[in-house]
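Computed from a predicted model, the values in this text were never measured in an experiment. Index from 1, following the sequence. As the structure lists them, so they are numbered: ligands from 1, and atoms in each ligand from 1.
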Amino acid sequence: MIETIHHRICPLCEACCGLEIKVQGGNVTSIKGHAQDVFSAGYICPKGVALKDLHEDPDRLRTPMIKRNGTFVQATWEDAFAEIERRLPPLLAAHGHNASAVVVGNPSAHKIGLLSYFGKLARALGTKNIFSSSTLDQMPKQLASGLMFGHWLSVALPDIARTDLLLVIGANPLASNGSMWTVPDFKGKARAMQARGGKLIVIDPRRTETAAVADAHHFIRPGADVFLLAAMVQTLFADKLVRLGSVAAWVNGVEEVGLAVAAFTPEAVAARCGLDAQTIRTLARDLANTERACVYARIGTCTQEYGTLASWLVDVLNVLTGHLDMPGGAMFAKSAAFASNTTGKSGTGKGVSTGRHFARVSGVPEVFGELPITCMAEEIETTGPGQIRVLFTVATNPVLSSPNGPRLAAALDTLDFMVSMDIYVNETTRHADVILPGLSPLEDFHYDLAFPQLSWRNHARYSPPVLPRTDGTPEEWQTLLKLAAIVRGEGAQTDANALDDAQFAEDSQRLAGANAAALIEATKGLKGPQRLLEVALRTGPYGDLFGVNPDGLTLAKVMASNSAGGLDLGELRPRIPEMLRTPSGKVELAPPSLLSDLIRAAADLASPVPDLVIIGRRDVRTNNSWMHNLPTLAKGPFRCTALVHPEDAERLKLQDGALAHIASGPRSIQAQVQISAEMMPGVVSLPHGWGHNLPGTRLKLAAQRPGVNLNALLDDQLRDPLSGNAVLGGVAITMRAMPRGV
Ligand SMILES: Nc1nc2c(c(=O)[nH]1)N[C@H]1C(S)=C(S)[C@@H](COP(=O)(O)OP(=O)(O)OC[C@H]3O[C@@H](n4cnc5c(=O)[nH]c(N)nc54)[C@H](O)[C@@H]3O)O[C@H]1N2
Ligand SMILES: Nc1nc2c(c(=O)[nH]1)N[C@H]1C(S)=C(S)[C@@H](COP(=O)(O)OP(=O)(O)OC[C@H]3O[C@@H](n4cnc5c(=O)[nH]c(N)nc54)[C@H](O)[C@@H]3O)O[C@H]1N2
Ligand code: SF4
Ligand SMILES: [Mo]
């Protein structure tokens with residue numbers, strides 16, 4: 001049998017590695033890193049290999065499921081859409097569009113079909129109840145970046161290829177492979193930096209895999225990053241180390257920042273952070289005195305009460321030490337397609353705002369078009385106009401991934417109608433009335449919409465499908481268009497491609513005005529996300545502008561580069577002021593909402609530190625809540641353990657391998673203890689995304705070693721007030737040994 005070789009970007013995490021996949025007789029025979037990939041150069045992690053398991057997983061849904069008398073039965077696509085058409089429109093008519101909600105999850109960031117068409121369903125619904133896992137994750141970074149640079153995805157990232165000092169705070173790229181920073185083989189790049197004399201410093205309450213390869217590691221008390229960072233900024237002012245470097249002409253608010261952090265001296269914050277004042281000063285001075293240096297912070301600094309402040313102060317440090325937009329510092333990628341900081345007028349824009357509407361029950365503000373996902377349960381439970389009666393879930397498992405999952409699970413059971421676009425019957429989708437699956441990644445084409453905006457180097461890579469697709473299964477963008485049509489009352493009969501043509505005709509009017517017909521003609525033969533991609537690439541910063549710049553990019557050129565590993569678009573280059581989209585055309589260093597939130601932090605500085613707090617953890621063989629059903633990833637040691645420092649274990653009489661009872665407020669769980677000197681004393685670490693022992697799921701392998709749901713312990717009412725992001729770490733707990741035999 002002939003063996004064919006295919007090249008495909010891995011859609012499982014933000015590293016976006018190029019893979020080489022061999023196929024024989026319709027079966028995948030090998031998956032390796034693609035050595036020629038211009039961006040990832042052959043790097044791969046165990047999850048990439050597990051794409052074969054995912055494709056072959058007998059529990060992965062290949063057909064829609066409809067719940068009949070409490071049990072899921074397989075259905076045809078026609079029947080599934082008909083069921084939705086029968087049940088949905090009457091509910092929308094009776095309760096209004098704000099009685100509907102849609103929640104979208106992590107895998108959609110990795111699927112062009114979901115990301116570029118999800119908005120069409122949301123717009124058709126016309127509801128303000130839009131939720132996503134962004135408010136369990138990076139919303140603080142997006143808000144801080146938006147306020148400073150003018151757009152939600154204008155996130156500065158380390159120019160690791162040229163830096164000599166990288167300070168990593170609250171991130172563990174050796175396990176996560178990087179986040180809000182697309183950097184395959186972080187370890188290799190860090191090693192190369194060290195080989196040329198550069199230093200890696202990690203600040204984390206756990207001595208992580210990343211800390212283990214660093215030149216220095218400092219423990220920090222969970223949630224105290226805002227204090228550390230403010231004190232580092234204070235040190236720069238006190239020591240007269242502030243230098244803006246090349247962006248000096250483009251920064252507003254330096255003095256205001258100096259005044260705002262004046263009280264946060266290293267001595268004032270040391271006890272709260274668990275770092276001594278001298279260490280804090282040295283960190284700030286080294287940053288200021290190293291020509292090519294950069295601070296990078298991630299989820300540990302976002303999923304806390306001061307997430308937006310901490311995210312902001314990271315870039316304040318990068319700016320005040322002259323490292324923003326400098327080679328070897330914190331730079332901005334220039335994406336070939338879909339980036340808001342490459343379109344429209346350059347150098348100025350509308351900036352970002354929040355609070356265009358508010359959550360009905362809690363009154364918290366909208367941020368980036370979304371309400372906090374932690375508001376979802378109460379919006380379903382609380383009666384009155386606008387109570388959520390109908391829910392769409394799209395590639396998300398909030399029963400495991402969102403705080404107070406059991407409360408949400410109970411609320412989901414009270415809905416009038418729930419539709420899930422998902423590939424498993426899992427802890428969340430078991431509550432649905434209809435489940436609509438997507439294709440296996442190996443059956444689908446791929447182009448990353450978001451991550452080229454966050455990449456360590458500029459690139460454009462397109463992957464065609466590796467395997468023929470399952471007969472009759474629509475692509476997910478087609479499913480979204482059908483759902484939108486049903487919501488609009490147009491029925492389930494219209495062909496998705498016709499709906500798409502109509503949408504594109506509308507989009508063309510908006511994009512090209514008088515030239516709309518020419519745009520439609522120029523993209524003839526394409527449909528769906530591919531057509532959008534063609535337009536975005538050709539009109540993007542490297543594009544051929546439909547012939548004006550004949551050497552520029554087209555979709556065909558990017559496609560043609562697939563087996564050569566894609567197109568390299570070069571190292572990061574300075575982009576200020578061109579990339580700014582703030583109304584002032586400057587970097588806003590002192591947004592008023594952030595300065596006033598700093599007063600809240602100052603008032604909290606002297607608060608007592610709890611004896612014991614819990615944080616999360618990632619392992620390279622996991623991916624949030626949904627890959628525990630794949631044999632190559634599930635094997636090996638049990639990973640859902642609570643790491644406890646030996647001193648804490650002794651004090652609390654906890655034994656390695658035994659079960660412990662962990663409580664926080666009225667919520668409690670039981671987890672297996674693993675005693676570990678990796679932990680900061682007073683801090684316990686348990687991974688999220690486990691707890692696969694709920695009834696009604698179809699995850700045979702995962703259910704064998706289900707683990708426990710960390711989010712059953714966490715409070716859905718704890719949020720960063722600015723971004724609405726959930727607090728997932730630094731939460732006070734009590735812990736005791738379980739009696740034997742329980
Ligand atoms: N305590 C705690 N909680 C956390 C975190 C933490 O650090 N600590 N991390 C948070 C973070 S950063 C995130 S991003 C969230 C993630 O939380 P979610 O956004 O809920 O994502 P996952 O848990 O990865 O669940 C993904 C869902 O998508 C489905 N899926 C997979 N592939 C496809 C596909 O191709 N199509 C469709 N339609 N569905 C698919 C899976 O079956 C699963 O139901 O979890 C958050 N929760
Ligand atoms: N293997 C694997 N890879 C993944 C995922 C996965 O589940 N598994 N999930 C993906 C997703 S959705 C995301 S968002 C990214 C996240 O990518 P990362 O941000 O790198 O996430 P983590 O590996 O959880 O690292 C967060 C670190 O913060 C530390 N921490 C916790 N609380 C605090 C604190 O208060 N302050 C400080 N300074 N540190 C703290 C933790 O100990 C941990 O080491 O990973 C992605 N990649
Ligand atoms: S690091 Fe692993 S999961 Fe992430 S893109 Fe690369 S191969 Fe896929
Ligand atoms: Mo995430």
**Prompt:** Counting heavy atoms only, which part of Thr303 comes closer than 4.0 Å to ligand 1: side chain, backbone, both or neither?
**Reply:** neither
**Prompt:** Counting each atom of ligand 3 from 1 as listed, which ones have a heavy atom of Asn177 under 4.0 Å away?
**Reply:** 1 (S)
**Asked** To which protein heavy atom is atom 16 (C) of ligand 2 closest, and what is the distance rounded to 0.1 Å?
**Response** Ser179 CB, 3.6 Å
**Prompt:** When you measure from the side chain of Thr622 to the backbone N and O of Asn624, does any donor-acceptor pair fall under 3.5 Å?
**Reply:** no
**Item:** Those atoms of ligand 3 less than 4.0 Å from some heavy atom in Lys47
**Value:** 3 (S)
**Asked** Is there a heavy atom of Gln138 sitting under 4.0 angstrom from any atom of ligand 1?
**Response** no
**Item:** N or O pair under 3.5 Å between Asn624 and ligand 2
**Value:** yes
**Fill in**
the protein heavy atom lying closest to atom 1 (N) of ligand 2 turns out to be Asp619 O, 2.7 Å
**Message:** For ligand 2, which is the ligand I care about here, please tell me if Pro205 has any N or O atom under 3.5 Å from one of the ligand's N or O atoms.
**Reply:** no
**Message:** side chain to side chain contact (heavy atoms under 4.5 Å, CB included), that's the test. Do Val103 and Val394 meet it? Break it down for me.
**Reply:** CA-CA 6 Å; Val103 52; Val394 180; over 6 Å; no
**Prompt:** Counting only heavy atoms, which portion of Asn711 has something under 4.0 Å from ligand 1: side chain, backbone, both, or neither?
**Reply:** side chain
**Request:** Tell me which part of Asp137 gets within contact of ligand 2: side chain, backbone, both or neither, using heavy atoms under 4.0 Å.
**Result:** side chain
**Request:** Give yes or no for whether the N/O distance cutoff of 3.5 Å, strictly under, is met between Asp204 and ligand 2.
**Result:** yes
**Message:** Any side-chain to backbone donor/acceptor pair from Glu14 onto Met180? Under 3.5 Å, distance only.
**Reply:** yes
**Request:** Indicate yes or no for a side-chain donor-acceptor contact from Thr641 to the backbone of Leu643 under 3.5 Å, with no hydrogens or angles considered.
**Result:** no
**Prompt:** Any N/O/S atom of Cys10 sitting less than 2.8 Å from atom 8 (Fe) of ligand 3, backbone or side chain?
**Reply:** yes
**Message:** Any nitrogen or oxygen of Gly223, side chain or backbone, less than 3.5 Å from one on ligand 2?
**Reply:** yes
**Prompt:** What residue and atom, counting heavy atoms only, is the protein's closest point to atom 7 (O) of ligand 1, and at what distance?
**Reply:** Arg618 NH1, 3.2 Å
**Prompt:** Does Tyr117 have Lys120 sitting over its ring (NZ/CZ under 6.0 Å from centre, angle to axis within 45°)?
**Reply:** yes
**Request:** Return yes or no for this condition: an N or O of Thr622 is under 3.5 Å from an N or O of ligand 2.
**Result:** yes
**Prompt:** What residue and heavy atom of the protein are closest to atom 25 (O) of ligand 2, and at what distance?
**Reply:** Asn172 N, 3.3 Å
**Asked** Would you say ligand 2 has an N or O under 3.5 Å from any N or O of Arg221?
**Response** no
**Request:** Keeping the roles fixed (side chain from Thr182, backbone from Ser179), state whether a donor-acceptor pair exists under 3.5 Å.
**Result:** no
**Prompt:** Is a side-chain N or O of Asp448 found less than 3.5 angstrom from the main chain of Ala450, in a donor-acceptor match?
**Reply:** no
**Prompt:** Counting only heavy atoms, which portion of Ala175 has something under 4.0 Å from ligand 2: side chain, backbone, both, or neither?
**Reply:** backbone
**Asked** For ligand 3, which atoms, with element, lie under 4.0 Å from some heavy atom of Gly48?
**Response** 7 (S)
**Message:** Below 4.0 Å, non-hydrogen atoms only: which portion of Ser40 touches ligand 3? Side chain, backbone, both or neither.
**Reply:** neither
**Message:** Check whether Ser108 reaches the backbone of Val104 with its side chain - one donor and one acceptor, N or O, closer than 3.5 Å.
**Reply:** no
**Fill in**
With heavy atoms and a 4.0 Å threshold, my read on which part of Gln304 contacts ligand 2 is side chain
**Message:** Out of all atoms in ligand 1, which are within 4.0 Å of some heavy atom of Ser133? Include the element for each.
**Reply:** 15 (C), 19 (O)
**Prompt:** Are any of the N or O atoms of Lys47 closer than 3.5 Å to those of ligand 2?
**Reply:** yes
**Request:** May I ask you to check whether Leu710 has an N/O atom sitting below 3.5 Å from an N/O atom of ligand 1?
**Result:** no
**Item:** Side chain, backbone, both or neither: the part of Leu714 lying under 4.0 Å from ligand 1 by heavy atom
**Value:** side chain
**Asked** Is the closest heavy-atom distance from Gly438 to ligand 1 below 4.0 Å?
**Response** no
**Asked** Mind checking whether Gly170 has an N or O less than 3.5 Å away from an N or O of ligand 2?
**Response** yes
**Prompt:** To the nearest 0.1 Å, how far is atom 21 (O) of ligand 2 from its closest protein heavy atom, and which atom is that?
**Reply:** Ile299 CG2, 3.2 Å
**Prompt:** How does Pro107 reach ligand 1, by side chain, by backbone, by both or by neither, if only non-hydrogen atoms under 4.0 Å count?
**Reply:** side chain
**Complete:** the protein heavy atom lying closest to atom 47 (N) of ligand 2 turns out to be Ser176 O, 2.9 Å
**Request:** Specify the protein heavy atom at minimum distance from atom 7 (S) of ligand 3: its residue, its atom name, and the distance to 0.1 Å.
**Result:** Cys45 N, 3.4 Å
**Request:** Pick one of side chain, backbone, both or neither for how Asn623 approaches ligand 2, counting any non-hydrogen atom pair under 4.0 Å.
**Result:** both
**Fill in**
of all protein heavy atoms, closest to atom 23 (O) of ligand 1 is Ser625 OG, 2.6 Å
**Asked** Evaluating non-hydrogen atoms only, which member of Ile423, Val425, Val394 is closest to atom 32 (N) of ligand 1?
**Response** Ile423
